[in-house]
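Sequence positions, counted from 1, serve as the residue numbers for this chain.
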Amino acid sequence: MNSSPGGSWRHNRLVSDLRATVAATLEECPLGSQWVLRKDGDSMTIAVPSAVSKEEVIGEFPPRLDRWLRRSNAGRTPETQLRVRMAVTHGDVIVEENELVGGPALVEAARIRDIAPLRRAMTAAPDAFVGLVLADHVYRNSVRDGDPALMPRAYREVVAEAKGYRAPAWIRLWGVEHPTEDASADRGTDSSHPTPKPVAADAEERNAGPPSGGDTYNTSVGSVTGSLAIGKGATSYTGTSDGRR
């Protein structure tokens, strides 16, 4: 990862804040003690047990994370505040001896986490501390056709493009009104849905290692840990955290 403004001191503090905030959030989540966390330097991958529904993950983790971030960021200068991007998908992951090995769901999560529409939305809303992007199938099955309390109208459809991956996705900012200035650009040049392309893991992401770069501090959230691949009930989701610029 490239050095960010403020150097190693700022970087280390943001990583420490990220881990503390995620740990506090997990304590409040259903079966949070069973969610498996992999720390990858300035990144994280979380595996969520299949006993925890996608609706619980989407509806409870982001707002709780947002509350902890607002407490942690209170009184800090913009440059030292922590912001998080999180992507959610669903599918199988492979775990061995409590170690998260990989799986296509984690690769997809890593692909959509850093998409440009979410970055632009958070840049346009500096008071947003949590930006969420959902894979299209997660939005359709768990938000649009799921619990109305998940507020499907709070999400905006975009096109997720990264490393040969292209598919619809849905973004939402927590705690602020969603900016709409660049909505047409985020949907692409036409109104048709792009045909999803398969997610192919390159050498560096076969183990679901999330990409990093610039002054972004990456946080990935995945699906469950154990000694086998997760079945149909698993949820994969990934996120990134930013220091403000």
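- Between Leu150 and Glu55 the shortest side-chain heavy-atom distance falls below 4.5 Å.
- Looking only at side-chain heavy atoms (C-beta outward), Tyr155 and Leu132 come within less than 4.5 Å of each other.
- No continuous path of ILVMFWY side-chain contacts below 4.5 Å connects Tyr139 to Met151, so the two sit in separate hydrophobic clusters.
- Placement of Val143 and Val52 within a single hydrophobic cluster is found when ILVMFWY residues are connected by side-chain heavy-atom separations under 4.5 Å, directly or transitively.
- Atom CZ of Arg113 sits about 8.5 Å away from atom CZ of Arg119, to the nearest 0.5 Å.
- From Ser53, atom OG reaches atom NE2 of His90 across 11.0 Å, with rounding to the nearest 0.5 Å.
- A continuous path of ILVMFWY side-chain contacts below 4.5 Å connects Met122 to Ile115, so both sit in one hydrophobic cluster.
- Two residues are said to be in side-chain contact when any heavy atoms from C-beta on lie closer than 4.5 Å; His137 and Thr89 meet this criterion.
- Annotation: cation-pi pair Arg172/Trp174 present, NZ/CZ under 6.0 Å from the ring centroid and within 45° of its normal.
- Between the side chain of Thr25 and the backbone N or O of Thr21 there is at least one donor-acceptor pair closer than 3.5 Å.
- The side-chain heavy atoms of Leu82 and Ser72, taken from C-beta on, include no pair separated by under 4.5 Å.
- Contact of the Asp136 side chain with the Trp170 side chain is registered, since non-hydrogen atoms from C-beta on lie closer than 4.5 Å.
- For the pair Ile112/Val88, no side-chain contact is recorded, criterion being any heavy-atom separation below 4.5 Å from C-beta on.
- Using a 4.5 Å cut-off on side-chain heavy atoms (C-beta onward), Tyr165 and Val107 make no contact.
- Of the possible donor and acceptor atoms, none in the side chain of Arg144 sits under 3.5 Å from a partner among the backbone N and O of Pro152.
- One finds the CD atom of Glu56 at 10.5 Å from the CG atom of Asp147 (value rounded to the nearest 0.5 Å).
- The line from CZ of Phe129 to CZ of Arg70 is 5.0 Å long, rounded to the nearest 0.5 Å.
- A 4.5 Å side-chain heavy-atom check between Asp17 and Arg76 finds at least one atom pair inside the cut-off.
- From Asn141, atom CG reaches atom CG of Leu134 across 11.5 Å, with rounding to the nearest 0.5 Å.
- Within 6.0 Å of atom CZ in Arg71, more than 12 heavy atoms from other residues, nucleotides or ligands are found, so the atom counts as buried in its surroundings.
- Of all the heavy atoms in Leu173 and Ala121, the pair that sits closest is CD1-O, 3.6 Å.
- One distance of note links CG of Leu26 with CG of Leu31; it measures 11.5 Å at 0.5 Å rounding.
- Heavy-atom minimum distance, Ala125 versus Arg83: O-NH2, 2.8 Å.
- Nearest heavy atoms, Ala169 versus Ala160: CB-CB, 3.9 Å.
- In the hydrophobic clustering of ILVMFWY residues, with side-chain heavy atoms under 4.5 Å counting as a link, Trp68 and Val176 come out apart.
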